[in-house]
Amino acid sequence: MTSVHEKLPTGFARLWTAQTVSSLGDGVTHAALPLLALTLTRNPMALAVVTAAGTLPWLLFGVIGGALVDRWDRRRTMWATDVLRAVLLAIPAVAAALDVLSIPLLAAVAFLLGLGGLFFDTAATAYLPDLLGREPALLQRANSRLRGAQTAASGFAGPPAGSALLTLGRAVPLLADAVSFALSALLVRSLPAAPRPVPRARESLLRQARAGASYVFRDQLLLGLALRPAVGNIAFLAVETVLALFAHDRLGIGTFGFGLLLTAEATGGLLGAGIASFLGRRLGTGAALTCTAAVEGLAILGLAAAPNPYVAGLALAVCGAGMGATMVLGPSLRQAIVPAHLMGRVASTSRMLAMCAAPFGAFLGGWLATTYDVRTPLCAAAGLLLAMTAVTATMTSNRRVEAALRAAALPATVLAS
């Protein structure tokens with residue numbers, strides 16, 4: 001068993017720095033793209049197209065992308081994707097400088113950036129267990145740091161930086177993100193090479209993709225880990241769809257106050273990511289996942305009942321903490337138990353399920369608010385989260401987790417003997 005005090009390898013620091021720099025650039029673009037679109041049109045549907053375009057790659061190519069990552073060298077996939085994204089961002093930057101920027105171009109860029117994110121994120125998820133030797137304790141610590149840095153960079157620093165850079169010129173935030181991708185590529189390129197997955201019998205790409213998805217659906221533990229973010233996205237998008245309206249109508253919060261509410265949630269996310277490893281050690285990973293899911297549901301229920309902005313901010317911070325811890329514990333466990341040759345497909349299948357669920361949550365929130373009132377989507381989301389907690393509790397129990405970890409360690413033990 002790995003000591004909790006064992007140091008992370010030197011290569012992790014470079015990976016962590018690369019993803020932090022890249023996340024900062026992502027935060028800049030996340031704020032700048034909608035604002036750039038707003039300078040071109042006031043049509044809500046056109047603005048929605050730009051926003052939605054970035055999520056489409058996961059819906060269309062999620063499992064196929066995972067199968068490709070399982071065929072390719074993962075380190076090379078990461079740095080090549082970053083180089084391509086840096087070059088891609090030069091196109092709208094030049095278009096903005098020449099005053100020929102358009103909504104179709106922004107939508108195309110958002111789609112291709114999303115496609116690049118699919119390959120980079122899947123490859124990074126599959127590479128990390130190779131770098132850390134698939135040690136559960138190290139994976140939790142590493143994912144805690146990665147998640148915390150990502151939240152700080154893309155949630156706190158990136159969006160205001162993107163808005164500020166946009167005042168200097170429409171091309172400036174895009175060029176800043178391009179630089180972040182270039183720096184990330186250089187850092188990733190310097191990482192130690194990981195063993196390439198052992199090729200299996202010749203199979204078509206579609207068959208390999210189907211095998212990866214089947215692996216998730218046949219395994220109760222992996223299915224439970226996948227259901228949590230999928231059901232969670234339905235609930236959280238239902239809340240997010242009406243949160244600004246709820247804050248304005250029920251809590252009397254203006255634009256600045258709403259920004260503080262979101263900051264409270266992000267702050268909770270940082271705290272949750274930081275204490276995830278501690279929770280996993282004290283409660284066991286399975287029990288910790290059940291507790292964090294229950295905390296999320298109860299926090300959203302508290303938000304629905306909040307009598308003032310202060311209670312609402314506290315509820316969102318608690319919810320963010322539950323989400324932050326979940327997003328460390330779940331992926332760390334998956335990385336520790338999934339065979340290396342399936343890691344890309346399993347990770348992308350789980351992410352795709354979560355992304356596919358999100359639009360349902362948005363429509364559910366809008367429909368409930370229109371049919372009933374603005375508080376109803378929050379109550380429904382809390383009920384959905386608590387029901388999901390009850391359903392998946394046995395699927396991700398400590399007993400199942402420990403059995404899966406023993407099974408994953410068995411080949412290495414046999415080889416060592």
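- Although no hydrogens or angles enter the test, the distance criterion places a donor-acceptor pair under 3.5 Å between the side chain of Thr292 and the main chain of Ala288.
- Side-chain contact check for Leu279 versus Cys291: every heavy-atom pair is 4.5 Å or farther apart.
- Counting heavy atoms from C-beta on, the side chains of Val311 and Asn308 come closer than 4.5 Å.
- No option in Thr81, Thr20, Asp82 other than Asp82 meets the side chain to side chain donor-acceptor pair (under 3.5 Å) test with Ser184.
- Closest non-hydrogen pair, Ala393 versus Thr290, comes out as CA-OG1, 3.8 Å.
- Arg85 forms a cation-pi arrangement with Phe120, by the criterion of a distance under 6.0 Å to the ring centre and an angle within 45° of the ring axis.
- Distance CG/Leu128 to CZ/Arg74: 11.5 Å, rounded to 0.5 Å.
- Nearest heavy-atom pair, Ala86 versus Ala182, reported as atom, atom and distance to 0.1 Å: CB-N, 4.1 Å.
- No side-chain N or O of Arg334 forms a donor-acceptor pair with one of Thr125 less than 3.5 Å apart.
- In terms of modelled atom types and a separation under 3.5 Å, the side chain of Thr371 and the main chain of Leu368 share no donor-acceptor contact.
- Remark: the backbone N or O of Gly324 is not paired with any side-chain donor or acceptor of Arg147 at under 3.5 angstrom.
- Between the side chain of Ser144 and the backbone N or O of Ala273, at least one donor-acceptor pair lies under 3.5 Å.
- With Ser190 contributing its side chain and Leu187 its backbone, the two residues share a donor-acceptor pair below 3.5 Å.
- Considering every non-hydrogen atom in both Met395 and Gln220, the closest pair reads CE-O, 3.5 Å.
- Side-chain atoms of Ser22 never come within 3.5 Å of backbone atoms of Ala18 as a donor-acceptor pair (strictly under, hydrogens ignored).
- Expressed to the nearest 0.5 Å, how far CG of Leu378 lies from CZ of Phe246 amounts to 5.5 Å.
- The shortest distance between side-chain heavy atoms of Ile337 and Leu222 falls below 4.5 Å.
- Listed for the Arg351 side chain is no donor-acceptor partner under 3.5 Å among the backbone atoms of Asp121.
- Side-chain N or O atoms of Asn143 include one that pairs as donor or acceptor with a backbone N or O of Leu139 at under 3.5 Å.
- Contact detail for Ala193 and Arg75: the closest heavy-atom pair is N-NH1, 3.8 Å.
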Going through the distances and angles, do Val318 and Leu298 end up as a side chain to side chain contact (heavy atoms under 4.5 Å, CB included)? CA-CA 9 Å; Val318 171; Leu298 293 172; over 6 Å; no
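- The main-chain N or O of Asp177 is found under 3.5 Å from a side-chain atom of Ser180 such that the two form a donor-acceptor pair.
- Here the straight-line distance linking atom OH of Tyr372 with atom OG1 of Thr370 works out to 11.5 Å at 0.5 Å rounding.
- Taking the side chain as every heavy atom from C-beta outward, Leu385 and Phe236 approach each other to under 4.5 Å.
- Between Gly344 and Asp70, the shortest heavy-atom contact is N-OD1, 2.8 Å.
- Of all heavy-atom pairs between Ser350 and Ala226, the closest is OG-CB, 3.9 Å.
- Residues Leu225 and Leu289 are in side-chain contact: their nearest non-hydrogen atoms beyond the backbone lie under 4.5 Å apart.
- Rounding to the nearest 0.5 angstrom, the gap separating the CG atom in Leu146 from the CH2 atom in Trp16 is 9.0 Å.
- By the 4.5 Å heavy-atom criterion applied to side chains, Leu132 and Arg141 are not counted as neighbours.
- Taking a cutoff of 4.0 Å between a charged side-chain nitrogen and a carboxylate oxygen, Arg250 and Asp373 qualify as a salt bridge.
- Residues Phe181 and Leu88 have side chains not in contact (no heavy-atom distance under 4.5 Å, counting atoms from C-beta outward).
- Under a 3.5 Å cut-off, the side chain of Glu265 and the backbone N or O of Cys319 do not form any donor-acceptor pair.
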What do the steps show when you test Gln150 against Gln19 for side chain to side chain contact (heavy atoms under 4.5 Å, CB included), and what is the final call? CA-CA 7 Å; Gln150 182 184 23; Gln19 291 200 267; over 6 Å; no
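- The line from CG of Leu333 to CD of Gln140 is 8.0 Å long, rounded to the nearest 0.5 Å.
- Using a cutoff of 4.0 Å between basic side-chain nitrogens and carboxylate oxygens, Asp130 and Arg134 are not scored as salt-bridged.
- Within the model, atoms CG of Leu105 and CD1 of Ile103 stand 9.5 Å from one another, a figure rounded to the nearest 0.5 Å.
- Side-chain contact between Ser348 and Thr122 is present, with at least one heavy-atom pair separated by less than 4.5 Å.
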Let me see the working for Leu60 and Phe111 under side chain to side chain contact (heavy atoms under 4.5 Å, CB included), right down to the final yes or no. CA-CA 11 Å; Leu60 298 176; Phe111 177 85; 4.2 Å; yes
Checking side chain to side chain contact (heavy atoms under 4.5 Å, CB included) for the pair Met78/Tyr127: CA distance, chi angles, key distance, verdict? CA-CA 9 Å; Met78 286 189 284; Tyr127 176 82; 3.7 Å; yes
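- Counting heavy atoms of neighbouring residues, nucleotides and ligands inside a 6.0 Å radius, atom CE of Met327 does not exceed 12 of them.
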